[in-house]
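For reference, the structure discussed in these notes is given below.
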Amino acid sequence: TLLSFPPRKGATADPQLQQFIEIESQKQRFQQLVHQMTEVCWDKCMDKPGPKLDSRTEACFVNCVERFIDTSQFILNRLEQTQKSKGTFSETMLD
């Protein structure tokens, strides 16, 4: 089927297309999160790059990643609670 852009008023988009777009958006958000986490933890833990990580640097990376994930999850849960208390939860708040 051909899609017209912009869609006509009242026309609904193909559900498969909507699902595909949502999945791709989630992938993009995940990649952005991984990139941000890598940058933050690299800056925090890596003093001088070498051929291998010492145990202190490795422990720093593990702790940094765990705290980053915990913090991100906390923020998402808090946003969801805030939005639910207002009546609706909007995915666009997470972008």
Side-chain angles (χ1 to χ4, degrees):
T1 64
L2 293 175
L3 296 175
S4 60
F5 292 99
R8 296 180 310 252
K9 280 191 172 185
T12 57
D14 180 7
Q16 287 180 322
L17 178 60
Q18 288 178 333
Q19 183 180 13
F20 174 78
I21 291 170
E22 179 59 31
I23 289 169
E24 292 301 311
S25 295
Q26 289 173 358
K27 287 180 188 178
Q28 181 183 15
R29 287 191 296 266
F30 179 76
Q31 287 296 328
Q32 288 172 336
L33 188 63
V34 168
H35 177 74
Q36 183 182 8
M37 178 180 60
T38 301
E39 187 174 328
V40 167
C41 294
W42 180 269
D43 290 345
K44 180 172 182 58
C45 298
M46 185 54 72
D47 294 328
K48 47 189 171 204
K52 69 181 226 177
L53 296 177
D54 61 28
S55 59
R56 182 179 132 305
T57 304
E58 185 175 351
C60 180
F61 274 115
V62 169
N63 187 49
C64 181
V65 169
E66 288 175 354
R67 296 298 71 78
F68 191 94
I69 292 169
D70 290 345
T71 302
S72 297
Q73 190 62 49
F74 174 81
I75 291 168
L76 289 175
N77 288 341
R78 186 71 178 128
L79 284 171
E80 185 176 13
Q81 289 172 356
T82 301
Q83 291 302 312
K84 282 182 179 177
S85 70
K86 292 181 180 180
T88 60
F89 178 69
S90 172
E91 287 292 325
T92 57
M93 293 291 294
L94 301 176
D95 290 345

side-chain hydrogen bond (donor to acceptor under 3.5 Å, both in side chains) evaluation trace for Gln73 with Asn77: CA-CA 6 Å; Gln73 190 62 49; Asn77 288 341; 3.1 Å; yes
Residues Ile23, Lys27; criterion side chain to side chain contact (heavy atoms under 4.5 Å, CB included); working and verdict: CA-CA 6 Å; Ile23 289 169; Lys27 287 180 188 178; 3.8 Å; yes
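Here the two cysteines Cys64 and Cys41 have their SG atoms closer than 2.5 angstrom.
Residues Leu53 and Thr57 approach most closely at CD2-CG2, 3.8 Å, considering heavy atoms. Nearest heavy atoms, Arg67 versus Asp70: NH2-OD2, 2.7 Å. The nearest pair of heavy atoms linking Asp47 to Arg56 is OD2-NH2, 3.1 Å.
Shown here is Gln19, whose CD atom has no more than 12 heavy atoms of other residues, nucleotides or ligands within 6.0 Å.
Atom CD of Glu80 is separated from atom CG of Leu76 by 8.5 Å, given to the nearest 0.5 angstrom. For the atom pair CD1 of Ile75 and OG1 of Thr71, the computed distance is 6.5 Å after rounding to the nearest 0.5 Å.
Screening Glu39, Gln32, Gln31 against His35 for a side chain to side chain contact (heavy atoms under 4.5 Å, CB included) leaves a single residue, Glu39.
The side chain to side chain donor-acceptor pair (under 3.5 Å) test applied to Asp43 returns no partner, not counting sequence neighbours. Remark: Ser72 engages no residue in a side chain to side chain donor-acceptor pair (under 3.5 Å) (not counting sequence neighbours).
With 3.5 Å as the limit, one finds a donor-acceptor pair spanning the side chains of Glu22 and Gln26.
Val65 belongs to a hydrophobic cluster whose remaining members, ordered by chain and number, are Leu33, Met37, Val40, Phe68, Ile69; membership requires side-chain heavy atoms of ILVMFWY residues under 4.5 Å apart, directly or through intermediates.
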